[in-house]
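Just below is one structure, and these are the notes that go with it.
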Amino acid sequence: MRLQLFVQSVRMHNSVMKDKTIPEKRDSDTKERLLKAAKNEFLEKGYQDASLRSICKSAGVTTGALYFFFKDKDDLFESLVRDVSEGLLSMLKEHFAGERKAFEEMKKSGKLPPRTEMADDVFAGKKIFHYLYSHYDEVNLLLKKSKGSLYENFTDQVVAITEKQNSLALGKYGKALVHWVSHMQINSFVHILTHVKSEKQASELLPYVMAYLQKGFFGLVDWDKK
């Protein structure tokens with residue numbers, strides 16, 4: 001009798017656990033469908049014109065299901081781009097940290113130090129490009145489709161980080177010039193990303209773009225010596 005009760009108890013436990021996993025899987029599938037539908041909607045119409053109702057219809061769910069996973073349209077958009085934006089900013093800061101270290105070593109020794117990989121502009125550029133092209137849709141959402149969202153000023157945020165870095169070498173010329181140079185640098189990469197869909201082609205263009213930007217940058221740095 002005890003054995004029979006034990007067997008029944010085990011069966012009931014397994015049945016309950018199975019029932020619990022089914023909603024979890026459904027929840028996961030529903031969320032993935034919503035994210036996929038949202039990405040397509042945002043890419044097609046941009047954040048401002050995207051419709052939550054259209055997203056739900058495309059995903060085959062109710063608006064109630066959407067609000068179970070996401071607070072609002074901003075939360076849905078952020079779920080698509082947050083990781084990519086944070087990854088890009090982290091890589092950019094790593095590159096600039098390498099440059100600052102090289103700059104400090106140069107001031108102390110009076111000569112150029114061996115450059116680390118992330119301090120090397122072309123190496124860092126290719127590494128960043130590979131990351132961006134691996135998340136091409138999310139990058140396009142950030143750069144071209146984010147107007148009206150919390151990420152509307154993402155490009156300006158990247159420019160601000162670049163300005164801080166450029167001010168180390170160009171600060172004596174004033175904030176206006178540092179801002180202009182920083183914008184020109186970032187816009188050069190944004191233009192490639194939004195016009196060249198092939199990572200291979202972009203990587204082939206990168207050394208030429210870097211050479212052009214470096215000549216101008218170091219021309220300004222050495223301006224007083226002319």
Side-chain angles (χ1 to χ4, degrees), residues 31-50 54-55 58-59 76-99 115-163 165-166 179-219:
K31 187 174 183 179
E32 286 304 312
R33 291 204 311 274
L34 279 166
L35 288 171
K36 183 178 180 180
K39 182 194 287 189
N40 292 335
E41 178 83 1
F42 288 134
L43 284 171
E44 180 184 350
K45 301 177 182 177
Y47 175 85
Q48 275 190 327
D49 296 329
S54 295
I55 291 170
S58 179
L76 182 55
F77 189 83
E78 185 176 20
S79 295
L80 290 168
V81 301
R82 179 179 56 243
D83 290 346
V84 173
S85 66
E86 290 177 355
L88 173 58
L89 294 177
S90 177
M91 293 177 79
L92 195 62
K93 289 173 182 177
E94 182 187 353
H95 169 54
F96 285 156
E99 282 193 340
R115 293 175 71 80
T116 64
E117 286 182 333
M118 278 308 287
D120 180 81
D121 291 330
V122 175
F123 176 89
K126 286 185 176 180
K127 185 175 179 181
I128 292 171
F129 261 31
H130 177 68
Y131 177 81
L132 295 177
Y133 275 93
S134 297
H135 304 87
Y136 192 79
D137 286 344
E138 290 78 10
V139 171
N140 267 288
L141 289 176
L142 282 168
L143 298 179
K144 296 167 58 179
K145 305 292 183 176
S146 60
K147 185 177 181 181
S149 76
L150 295 173
Y151 288 82
E152 180 176 4
N153 298 317
F154 179 76
T155 301
D156 292 333
Q157 186 180 353
V158 176
V159 171
I161 294 172
T162 308
E163 278 186 75
Q165 184 74 5
N166 285 339
H179 180 73
W180 173 68
V181 169
S182 302
H183 247 296
M184 185 172 62
Q185 290 173 335
I186 298 305
N187 286 342
S188 297
F189 293 101
V190 170
H191 183 83
I192 294 176
L193 283 162
T194 55
H195 288 79
V196 181
K197 291 188 176 181
S198 163
E199 181 184 349
K200 183 176 182 295
Q201 187 181 357
S203 295
E204 290 170 352
L205 287 171
L206 182 64
Y208 300 105
V209 175
M210 293 303 305
Y212 176 82
L213 293 173
Q214 285 175 338
K215 290 289 184 182
F217 184 87
F218 288 112

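Heavy-atom basis, side chains included; hydrogens, waters and symmetry copies ignored. One is the number of the first residue; the rest follow in order along the sequence.
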Keeping [X] on the side-chain end and [Y] on the backbone end, is there a donor-acceptor pair under 3.5 Å?
| X | Y | answer |
| --- | --- | --- |
| Ser146 | Tyr151 | yes |
| Ser85 | Arg82 | yes |
| Ser90 | Glu86 | no |
| Ser134 | His130 | yes |

query: Any Lys/Arg nitrogen of Glu32 or Lys36 sitting under 4.0 Å from an Asp/Glu carboxylate oxygen of the other?
result: no
Between [X] and [Y], which heavy-atom pair has the shortest distance, and what is it?
| X | Y | answer |
| --- | --- | --- |
| Asn166 | Gln185 | ND2-OE1, 2.9 Å |
| Lys147 | Gln48 | O-CG, 3.1 Å |
| Ser203 | Lys126 | O-CE, 3.9 Å |
| Ala202 | Ile192 | CB-CG2, 3.8 Å |
| Phe42 | Leu76 | CE1-CG, 4.2 Å |

Can you tell me how far [atom2] of [Y] sits from [atom1] of [X], rounded to the nearest 0.5 angstrom?
| X | Y | atom1 | atom2 | answer |
| --- | --- | --- | --- | --- |
| Leu205 | Lys200 | CG | NZ | 10.5 Å |
| His191 | Asn187 | NE2 | CG | 10.5 Å |
| Asp137 | Lys145 | CG | NZ | 11.0 Å |
| Phe189 | Met210 | CZ | CE | 4.5 Å |
| Leu34 | Ile55 | CG | CD1 | 8.0 Å |
| Asp49 | Glu44 | CG | CD | 10.5 Å |

How about [X] and [Y]: do any of their side-chain heavy atoms sit closer than 4.5 Å?
| X | Y | value |
| --- | --- | --- |
| Ser54 | Lys45 | yes |
| Asn140 | Leu193 | no |
| Val84 | Tyr131 | yes |
| Leu142 | Leu88 | no |
| Leu43 | Lys144 | no |
| Ser58 | Asn40 | no |
| Asp83 | His135 | no |
| Val81 | Phe154 | no |

message: If you apply the rule side chain to side chain contact (heavy atoms under 4.5 Å, CB included), what do you find for Glu138 with Leu132, and how did you get there?
response: CA-CA 8 Å; Glu138 290 78 10; Leu132 295 177; over 6 Å; no
query: After noting the C-alpha distance and the side-chain angles of Thr194 and Val139, does the key distance pass the side chain to side chain contact (heavy atoms under 4.5 Å, CB included) rule?
result: CA-CA 9 Å; Thr194 55; Val139 171; over 6 Å; no
- prompt: Is Lys197 atom NZ crowded by more than 12 heavy atoms from other residues, nucleotides or ligands, each under 6.0 Å away?
  reply: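 Not more than 12 within 6.0 Å, no.
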task: Output all residues satisfying ring-ring contact (aromatic ring centres under 6.0 Å, His included) with Tyr136, sequence neighbours left out; order by chain, then residue number.
output: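 By the ring-ring contact (aromatic ring centres under 6.0 Å, His included) rule, Tyr136 matches Tyr133.
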message: Checking Glu163 against Val159 for the side chain to side chain contact (heavy atoms under 4.5 Å, CB included) test, could you report, in this order, the C-alpha distance in whole Å, the side-chain angles of both residues, the deciding distance, and whether it holds?
response: CA-CA 6 Å; Glu163 278 186 75; Val159 171; 3.8 Å; yes
task: Given side chain to side chain contact (heavy atoms under 4.5 Å, CB included), test Leu141 with Phe77 step by step and report yes or no.
output: CA-CA 9 Å; Leu141 289 176; Phe77 189 83; 4.0 Å; yes
